[in-house]
Amino acid sequence: MESRRDDRASRLSSRLLAIAVLLLCLCAAARGLSCDFYDDSCPDLDSIVQARVSAAMKAEARMGASLLRLHFHDCFVNGCDGSILLDGPTSEKLALPNLNSVRGYEVIDAIKADLEKACPGVVSCADVVAYAAKYGVLLSGGPDYDVRLGRKDGLVANQSGANSNLPSPFDSISVITQRFKDVGLNTKDVVVLSGAHTIGRSRCVLFSSRLANFSATNSVDPTLDSALASSLQQLCRGGDGNQTAALDAGSADAFDNHYYQNLLAKKGLLSSDQGLFSSPDGVNATKALVQAYSANSQRFLCDFGDSMIKMGNIPPLNASAGQIRKKCSVVN
């Protein structure tokens, strides 16, 4: 009897060891990136990023969503290389999807300045963006996923790529899915990463087309809840298009699966959000996943971490080139 217990304990220990080794291998698998890349060269990285993001979110809870979006918009253009941070006439900051829209640059600059004091010339701006996004999610109540690190900073911005490659809230689900496929992501990632809209806000200019003169037969988008449409009309009426509404009405600052529950109730703010559930493309490709995540918060949170890691692994256009910028807005 004692021997059997020993055998079971031995087998269990072996399995746990195998799982630990597998997780370690997975953490270090993508393009030489690893979770512990800076453990020796910049051991204060985690505490520095956490402190700066926490302070920024205490001043404005929305900043968590802004940092997450900054990472997304960086990775979809040139890969995750920090090119969105570069200034200049061809800056991605000036591209239509980013201009007066993407935020959080000052938080990244503050983190980078602290890191240059603690471990000069070590941590890339691209990694700062990725790590800040992780804390934007975590401090909003989202999953604590492992960020792979070790990226280099790109040498050039790609404004034209930002204008053409970033998914738009006006795109159909099939077009958005293709843009994801172009960078190595799939339909599941479309639904999962759209769930980032569980936090943050959007400007009237990005959804006002749903509120009036929608079509020849409908003044208001019929897939938009009538009470929500009425409140949004009041918000946006007479303004310059820059008034903002919560992307996840009823749960604006909490990272949860309420976003998907809103889609089932026709309360998705952007056409691209509601389209995941209500459009013909969505019914065929994404509706079932929306329903699954609306009913299972844990599944969404787990899958979100996985998809963020996948997105963070999108390789730069020229992976062999790059540097560690001293200042994120300019090359060395």
Side-chain angles (χ1 to χ4, degrees), residues 30-34 37-38 41-42 45 49 66-116 119-134 136 147-168 171 175-176 178-185 189 193 196 308-332:
R31 295 192 297 107
L33 304 182
S34 67
F37 190 85
Y38 297 112
S41 58
C42 193
L45 169 64
V49 176
S66 298
L67 293 170
L68 174 55
R69 187 162 180 258
L70 181 62
H71 183 35
F72 182 96
H73 280 228
D74 182 38
C75 289
F76 266 69
V77 182
N78 286 6
C80 306
D81 68 345
S83 59
I84 194 170
L85 305 173
L86 289 170
D87 288 334
T90 61
S91 173
E92 293 168 30
K93 297 178 182 179
L94 303 177
L96 289 177
N98 298 332
L99 186 64
N100 299 321
S101 178
V102 171
R103 311 165 68 246
Y105 300 112
E106 71 282 2
V107 179
I108 302 301
D109 288 341
I111 294 170
K112 179 62 174 174
D114 288 349
L115 289 171
E116 285 301 301
C119 41
V122 172
V123 181
S124 68
C125 297
D127 279 346
V128 171
V129 172
Y131 217 82
K134 171 244 179 72
V147 180
R148 277 61 168 166
L149 301 167
R151 300 168 185 82
K152 293 288 183 65
D153 292 322
L155 303 178
V156 294
N158 186 358
Q159 187 178 125
S160 61
N163 280 319
S164 60
N165 296 347
L166 286 165
S168 162
D171 287 339
V175 169
I176 291 172
Q178 185 57 55
R179 296 195 193 284
F180 272 64
K181 288 182 177 178
D182 290 343
V183 294
L185 302 177
D189 298 316
L193 293 176
M308 284 297 292
I309 291 169
K310 282 182 66 178
M311 186 184 77
N313 290 338
I314 297 173
L317 291 178
N318 187 353
S320 62
Q323 61 182 205
I324 306 298
R325 290 185 217 137
K326 297 177 182 177
K327 186 177 180 181
C328 290
S329 59
V330 293
V331 296
N332 296 341

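As the structure is a prediction and not an experimental result, all values here were calculated from the model. When reading the values below, keep in mind they use all heavy atoms of this one structure, side chains included, and skip hydrogens, waters and symmetry mates.
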For Leu86, the side chain to side chain contact (heavy atoms under 4.5 Å, CB included) test, sequence neighbours excluded, returns Ala157, Arg325, Val331

At their closest point, which heavy atom of Cys80 faces which heavy atom of Ala126, and how far apart are they? O-CB, 3.7 Å

Are the side chains of Ser124 and Ile324 in contact, using a 4.5 Å heavy-atom criterion? yes

Pair listing, salt bridge (Lys or Arg N to Asp or Glu O under 4.0 Å) test, anchored in residues 66-77, at least two apart: none

Check whether any side-chain heavy atom of Ile111 sits under 4.5 Å from a side-chain heavy atom of Tyr131, and report yes or no. no

What residues, two or more places apart in sequence or in another chain, satisfy salt bridge (Lys or Arg N to Asp or Glu O under 4.0 Å) together with Arg103? Glu60

Atom pair CG (Asp114) and SG (Cys119), whose distance is rounded to the nearest 0.5 Å: 10.0 Å

Quick one, Leu45 and Leu149 - any side-chain contact, counting heavy atoms below 4.5 Å? yes

Exercise: identify the closest heavy-atom pair between Ile84 and Tyr105: O-CE2, 3.8 Å

Distance col, row Lys112:NZ vs Asp153:CG, nearest 0.5 angstrom, shows 6.5 Å

Take Leu115 and Cys42 through the side chain to side chain contact (heavy atoms under 4.5 Å, CB included) test and state the conclusion after the steps. CA-CA 8 Å; Leu115 289 171; Cys42 193; 3.9 Å; yes

Nearest non-hydrogen partners of Gly312 and Leu33, listed with the distance: O-CD1, 4.2 Å

Is a side-chain donor-acceptor pair under 3.5 Å present for Gln178 with Asp182? yes

Going by the rule side-chain hydrogen bond (donor to acceptor under 3.5 Å, both in side chains), which residues pair with Asn165 if we only count those two or more places apart in sequence or in a different chain? none

Just how far is it from atom CG of Leu155 to atom CG of Asp81, taken to the nearest 0.5 Å? 8.5 Å

Closest non-hydrogen atom pair, Ile108 against Cys328: CG2-SG, 4.2 Å

Closest approach of Pro89 to Leu94 (non-hydrogen atoms, all atoms of both residues): O-CD1, 4.0 Å

Side chain to side chain donor-acceptor pair (under 3.5 Å) contacts touching residues 88-99 (sequence neighbours left out): His73-Asn98, Ser83-Glu92, Asp87-Lys93

Looking at residues at least two apart in the chain, or sitting in another chain, which of them share a salt bridge (Lys or Arg N to Asp or Glu O under 4.0 Å) with Asp109? none

Looking at every heavy atom in both Ala162 and Val77, which two are closest together, and how far apart are they? CA-CG2, 3.6 Å

Taken to the nearest 0.5 Å, the spacing of Arg151 CZ from Ile314 CD1 works out to 10.0 Å

What is the distance from atom CG of Asp189 to atom CE of Met311, rounded to the nearest 0.5 Å? 10.0 Å

Measuring from Leu185:CG to Ile176:CD1, what's the distance to the nearest 0.5 Å? 13.0 Å

Just by distance, do the side chain of Glu116 and the backbone of Gly121 share a donor-acceptor pair under 3.5 Å? yes

Parallel, tilted or perpendicular for Phe180 and Phe76, by the 30°/60° rule? perpendicular

